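Notes for the one structure printed next.
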Protein chains: 2
Amino acid sequence: MSSETRERILNSATELYLRDGFDGFSMRALARAVGVTAPALYRHFASKEKLLHEIVGEAYRRLSAELYKALSERTPHDRFRGAIRGYAKFALANPKLYDVLFLPPSMMGDGVLPEEIEGHACAVEQFFDDRVRECVASGVLRDELVTSSLWAHTHGLVSLYMRGHLEEKGIDSEEKFRDLLERSTTRVLEGLGGPAMRAVTGDDDSDAAA
Amino acid sequence: MSSETRERILNSATELYLRDGFDGFSMRALARAVGVTAPALYRHFASKEKLLHEIVGEAYRRLSAELYKALSERTPHDRFRGAIRGYAKFALANPKLYDVLFLPPSMMGDGVLPEEIEGHACAVEQFFDDRVRECVASGVLRDELVTSSLWAHTHGLVSLYMRGHLEEKGIDSEEKFRDLLERSTTRVLEGLGGPAMRAVTGDDDSDAAA
DNA sequence: GTCTATAATCCGATAGAC
DNA sequence: GTCTATCGGATTATAGAC
């Protein structure tokens, strides 16, 4: 039963953290939300900072679980597209936890993040690197450099959607967003440029000829 | 003289905001920086919240100023690339101000954002729409739908860089980031796919043939 | 318009009873 | 494991003298 209370604290803490930020987050308000008194929280977490670090760890754990599902796909391209879908699925299913992964550093406290969390972050990046690398090997992607471009495109779309910046363009439901993500990813892979694009970028960027 | 003092407060406030972020910002620290005492600030701003709203307005003003510089370029494509550069330039020069433009509204204080700020946000989106539209008209971009893809790609890259997620890939300076942004944008316009891409996306996505 | 002084509130964390 | 009580400190904001 002890871990059940811990879980309840952690859930409320995640919500409060994303609403109030690191400094705005208060152990007292958390205690009120959970329905206990403040000192009781210190039976489960050594300090405010430690508690918040656990939230970040949980976020990475859930994201990783979703990503690794893509490994059951059969081709590099399917695993790569599956990874993007899993990434977005995690973000839409856990919007607050997703926000945690990209919160401004100023809201993550003064101290440095524990090594365990840094490890989780590296693992996610490595996962995407691996997906891209095997796509390059099979000729589906141009080169390893596209990892940044694709991650940026995916994270950017998710981020804009979750903050309502795509509503003016008619993207007002998860279904429409998933459709946009699929079509936008395909377009990015094929090129956003129109018929006149080659003339514009072909002669002043050596990367185009490589 | 009265508005001059106000300006001095606002400048220091912006600076402190850039250093400490939304939560770390304190009226007392601001008073110390300006060289007056805290109560004096309340002669010029009704509350901390009102003062911070003015800072958000300042953020949009700086972003817009950077964006509009791109209008002096001579072709739609140059104006569009210039807009992306200006967007990133603002973000790198004012990282904390950039963050606030994408923070959930719940973290911007209790009340609703002033209408003036909402107007600024819409103006920025309209600006990007216009840049894409004239690129479509001149055949440099495929269609208006790429606005989301390009904004997402740019915002995503900036966001990943500012949170240190690109350091493992050797992007550890603003100069390297600007170079990555240029190359990644060009690649996205031309397509990230390799020689085998058409076979993968050509038959199960009708958008490819359009 | 700025100051000193202060009210009122909130915070993280701990001690010790139960 | 949770409680009451409390320390030491921070904050926003106000009152009233000058």
Side-chain angles (χ1 to χ4, degrees), chain A residues 1-57 100 103-114, chain B residues 1-57 96 100 103 105-114:
Chain A
M1 289 301 174
S2 72
S3 68
E4 184 211 304
T5 321
R6 220 186 109 97
E7 205 66 27
R8 243 177 61 239
I9 295 175
L10 218 49
N11 284 340
S12 290
T14 303
E15 240 171 274
L16 286 183
Y17 180 38
L18 289 168
R19 201 192 62 187
D20 303 332
F22 183 89
D23 291 322
F25 176 91
S26 103
M27 296 293 269
R28 298 166 106 95
L30 172 59
R32 279 194 299 270
V34 177
V36 298
T37 57
L41 302 177
Y42 289 87
R43 282 285 150 185
H44 302 272
F45 302 92
S47 68
K48 168 182 173 177
E49 196 177 18
K50 293 276 186 189
L51 194 160
L52 295 180
H53 285 164
E54 292 246 8
I55 295 178
V56 181
V100 164
L103 279 179
S106 64
M107 289 178 51
M108 300 281 302
D110 300 334
V112 188
L113 285 179
Chain B
M1 288 298 183
S2 73
S3 69
E4 185 212 303
T5 322
R6 216 188 112 97
E7 205 64 28
R8 241 177 63 238
I9 294 175
L10 211 51
N11 282 342
S12 288
T14 303
E15 226 172 287
L16 281 185
Y17 183 83
L18 295 181
R19 202 193 59 189
D20 301 333
F22 196 91
D23 295 311
F25 180 90
S26 108
M27 295 292 268
R28 298 169 101 93
L30 171 60
R32 280 194 295 272
V34 177
V36 298
T37 57
L41 302 177
Y42 290 86
R43 284 279 152 186
H44 303 272
F45 300 93
S47 68
K48 171 181 174 181
E49 195 177 17
K50 293 279 184 186
L51 175 58
L52 293 179
H53 282 164
E54 294 245 8
I55 294 179
V56 179
K96 298 254 168 65
V100 85
L103 284 180
S106 61
M107 289 176 52
M108 299 279 306
D110 300 333
V112 188
L113 283 180

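Just so you know, these numbers come straight off a predicted model, no measurement behind them. In what follows, chains carry the letters A, B, and so on, assigned in the order in which the sequence lines appear, proteins first and then strands, with residues in each chain numbered from 1.
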Rounding to a whole Å, what distance do you find between [X]:[atom1] and [N]:[atom2]?
X	N	atom1	atom2	result
Arg32(A)	dC11(C)	CZ	P	6 Å
Asp23(A)	dA10(D)	CG	C1'	11 Å
Phe45(A)	dG12(C)	CZ	C1'	16 Å
Glu49(B)	dA13(D)	CD	C1'	14 Å
Tyr42(B)	dT4(C)	OH	P	17 Å
Phe22(A)	dC11(C)	CZ	C1'	12 Å
Asp20(A)	dC10(C)	CG	C1'	13 Å
Arg8(B)	dG1(C)	CZ	P	12 Å

Starting at the 5' end of nucleotides 4-9 of chain D, put B wherever the base has a protein heavy atom under 4.0 Å, S where only the sugar-phosphate does, and a dash everywhere else. BB----
A side-chain contact here means heavy atoms from C-beta on lying under 4.5 Å apart; do [X] and [Y] qualify?
X	Y	answer
Arg8(B)	Asn11(B)	no
Ser26(A)	Asp20(A)	no
Met27(B)	Leu51(B)	yes

Which pair of non-hydrogen atoms, one from Ala38(B) and one from Ala31(B), has the smallest distance, and what is that distance? N-CB, 3.4 Å
For the residue pair Ala33(A) and Leu16(A), what are the closest heavy atoms and their distance?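 Distance-wise, the nearest heavy atoms are CB-CD1, 4.2 Å.
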Contact class for Phe25(A) (heavy atom, under 4.0 Å): base, sugar-phosphate, or nothing?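 The answer is sugar-phosphate, as Phe25(A) gets under 4.0 Å only of primed atoms, P, OP1 or OP2.
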Separation of Leu30(A) CG from Thr14(A) OG1 (nearest 0.5 Å): 9.5 Å
Starting from the 5' end of DNA chain C, give me the residue, Ser26(A) or Ala46(A), whose nearest nucleotide shows up first. Ser26(A)
Once the angle between the rings of Phe25(B) and Tyr17(B) is folded into 0 to 90°, is it parallel (under 30°), tilted (30 to 60°) or perpendicular (over 60°)?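 Aromatic pair Phe25(B)/Tyr17(B) classed tilted.
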Using atom types as modelled and distance alone, determine if a side-chain donor or acceptor of Lys96(B) lies under 3.5 Å from a backbone N or O of Glu15(B). no
Please give the angle, rounded to 10 degrees, between the axes at the start and the end of the helix from dG1(C)-dC18(D) to dC18(C)-dG1(D), where five pairs define each axis. 10°
Nearest-neighbour nucleotide for the [X] side chain, [options] considered:
X	options	result
Lys48(B)	dC11(C), dA13(D), dA13(C)	dA13(D)
Ala40(A)	dC3(D), dA13(C), dC3(C)	dC3(D)
Arg43(B)	dC11(C), dT2(D), dT2(C)	dT2(C)

Using a strict cut-off of less than 4.0 Å between a Lys/Arg side-chain nitrogen and an Asp/Glu carboxylate oxygen, indicate whether Glu54(B) and Arg6(B) qualify as a salt bridge. yes
